[in-house]
Amino acid sequence: MKVSGGANVATNGPASSGSASPSWASRAGPTNRRHVVVRAGTLALRFERRALIVGAVLMTAAAAVAAAALMIGDYPLTPAQALGSLFGFGDDPLARYFVQNQRAPRVVAAAAVGAALGMSGCVFQSISDNPLGSPDVIGFTTGAATGALAQIIVFDAGPAAISGGAVAGGFAAATAVYLLAWRRGLAGFRLVLVGVGVAALLQACNALLIVRASLTAAQTAAVWLAGSLNATTWTEASLVTVALAVLGPAALTLSRPLGTLMMGDDLAAGLGVRVERRRLELVAVGVALVCVAVAAAGPVAFVALAAPQLAKRLTRTAGTGMASAGSMGALLVLAADLVAQRIFAPTQLPVGVVTGSLGGVYLIWLLAREWRRNPA
Amino acid sequence: MTGQRLWRRRATGLAGAATALAVFSLASVAAGSNPIPLGEVWRLLFGPDGSFESIIVHEQRIPRTLLAVAVGAALGTAGALMQSLTRNPLADPGILGINAGASLAVVAAVAVFGVTSVWFYLWFAFAGAAFAAVAVYLLGGAGRRSPTPARLALAGIAISMAVAAIVETVILADQKAFNEFRFWAAGSVEGRGYPVLWAVAGFICLGLLMAAACGPALNAMALGEDTGRALGVHIGRTRVLVMFAVTLLAGAATAAAGPIGFIGLGVPYLARAICGPDARWVIPYTVLAAPVVLLAADVLARVVVAPQELQVGIMSAILGAPMFIAVVRRRRIEAL
């Protein structure tokens, strides 16, 4: 967020002057403390104070984990050495090699993949109004994996074609799920259940592809399928970062109509949102985000599911919490990747295994709590 | 439909299912990566002569076929029982996470104790299945009232996904112990032989008998719990009995073949379309027809990628998942 020259940052609490906050805001009483309004010329953006703080904390934590990931490894470095090597000051060529070519791309890719997964999960959970409506449960991730596997095994393709295959597969799966679940409207639970069926089918197809593969192709596929950042180079890291730089702002812009859509289609239409069009745009951005993440790191399980839910509990927002979901996703993948690297060192686990087993336990707890509170 | 005609229709359907079972059993004995002519198979079936072909038929294909029949009957009946008890057409030991629970218990037991005898891990499979069944029921209903179909299915899916991720971690962390177990984890009836078959057959038979005994009570409960109670059914006892039978059936089937989904979903559904919702008929239909589906999946699994083989769990998902989607897409998932 940029606050340019002529802008003033006004906290529209009771202490701020009446002229800085609009009259409706000062009349709103106790809610005043909860928001921060940023003005830049004629543009005004209103943020929830708690969401801002949580987002800042999450990003700081993610940066801390990223710094730790640059230092920790079989060739341990001090913070000064790591920072120096990162910017090319250090006189230790080995340290420079490890940091610049091994650890930095991995950290960048982990953060970008996590952010993409978190935002994508936020989009679909909001659309389906169900925590289980996240792309890794309803088959989009599996579809992206099918596309990538087809490239690896059938066409013996290189990294670029594999990424293309993942994106194509994810979009095809999403289209299939969307069309099959559509029946005079999109009921959240039907979307989830149809998606689970499609996911089971695609999973079987993936297994079929692997059985048909040659041994080397099958090994490449198996490593890829577990969801791993172990061999990330700058190619993957820059691809996913560029994609995130395009798709992230799009998702953040769309999160406002998404918040209105969550109140129900009729109400959203009444408030001036073009329901079907916005929803299609959201689905397109969400699918693109998850496909990019899968193309870079393989299907990393459960981040898209857990990140938005965790972020929502921390921010206690009534809105979508898109930005905090993205930060939370980045933090989760960074931390999980560090654990996956070091827990059985020198053996490196795929990051998807760590996120999968932690996320699974979290999911059960989530459902138990949610449904005990409001048995609907 | 008059009683006479209904009875005739049900009996014809049952005879048809039995014929299909016989045909597919024969196909399962005849098909495989070693092509043996059908006439030769038929001759060897009744007169083993010690030749290579004879050993393949008698040592590999017949036990495999028998195990597929037992596992199919167990999974199908478990599905039929759960659908009747929860009055939910989406209930299936695979979808509701019971097979996943059993397989987690088996994998954990093997990882901790390092013993791979079926007599040993069978008990863990039962424990895991029972635990998962109770957990799904509590999660889906939060204990207070009978859970809706969609909600119970969601609870089960959540449990099986979580459990599958944990199983994956255990297997990846201890690759040596799980080299042979990897095929088990995908669901397969290949290479089990008679020891595994005999170990689970008794439990499956017991479960099938209990299922048959519960039929009348399930019929009465289909009208609602209050009506069932008024008709003299002991609700709590029936529920415990049925859950016990499901645990036996799903646990034994999973211990023998690994987690196989979707078998218990479609078959009771088709059975009800032919014979109506009477549980006393649905259960025998399922016992005969579910093995047909599993045998068909197993034969296909041997044929589509010949000379290699797929695990039958993969094939049953390819056959069963479209069925699941079709049921979900119905205008509303009506309670049974």
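The sequence lines fix the lettering, A, B, ..., with proteins before strands; numbering per chain opens at 1.
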**OP:** Could you have a look at A:G352, A:C205, A:A204 and say which one has the most heavy-atom pairs with chain B under 4.5 angstrom?
**Re:** A:A204
Original post:
Pick from A:D136, A:N206, A:V194: which one has the most heavy-atom pairs with chain B under 4.5 Å?
Top reply: A:V194
**OP:** Could you tell me which portion of A:V192 (side chain, backbone, both or neither) has an atom closer than 4.5 angstrom to a non-hydrogen atom of chain B?
**Re:** side chain
**OP:** Considering only heavy atoms and a distance below 4.5 Å, find which of A:V196, A:T355, A:L202 pairs most often with chain B.
**Re:** A:V196
**OP:** Can you tell which part of A:V354 gets under 4.5 Å to a heavy atom of chain B, answering side chain, backbone, both or neither?
**Re:** neither
**OP:** Taking the side chain as every heavy atom from C-beta outward, state whether A:V283 and A:Y178 have any atom pair closer than 4.5 Å.
**Re:** yes
Subject >> Between A:F171 and A:F140, ring centroids under 6.0 Å >> reply: no
Original post:
Which distance, rounded to the nearest 0.5 Å, do you find between the CE of A:M262 and the OG of A:S128?
Top reply: 10.0 Å
**OP:** State which residue, out of B:I98, B:L96, B:L85, fulfils the side-chain contact (heavy atoms from CB on, under 4.5 Å) condition with B:V246.
**Re:** B:I98
Original post:
Do B:V106 and B:T254 have side chains that get closer than 4.5 Å, going by heavy atoms?
Top reply: no
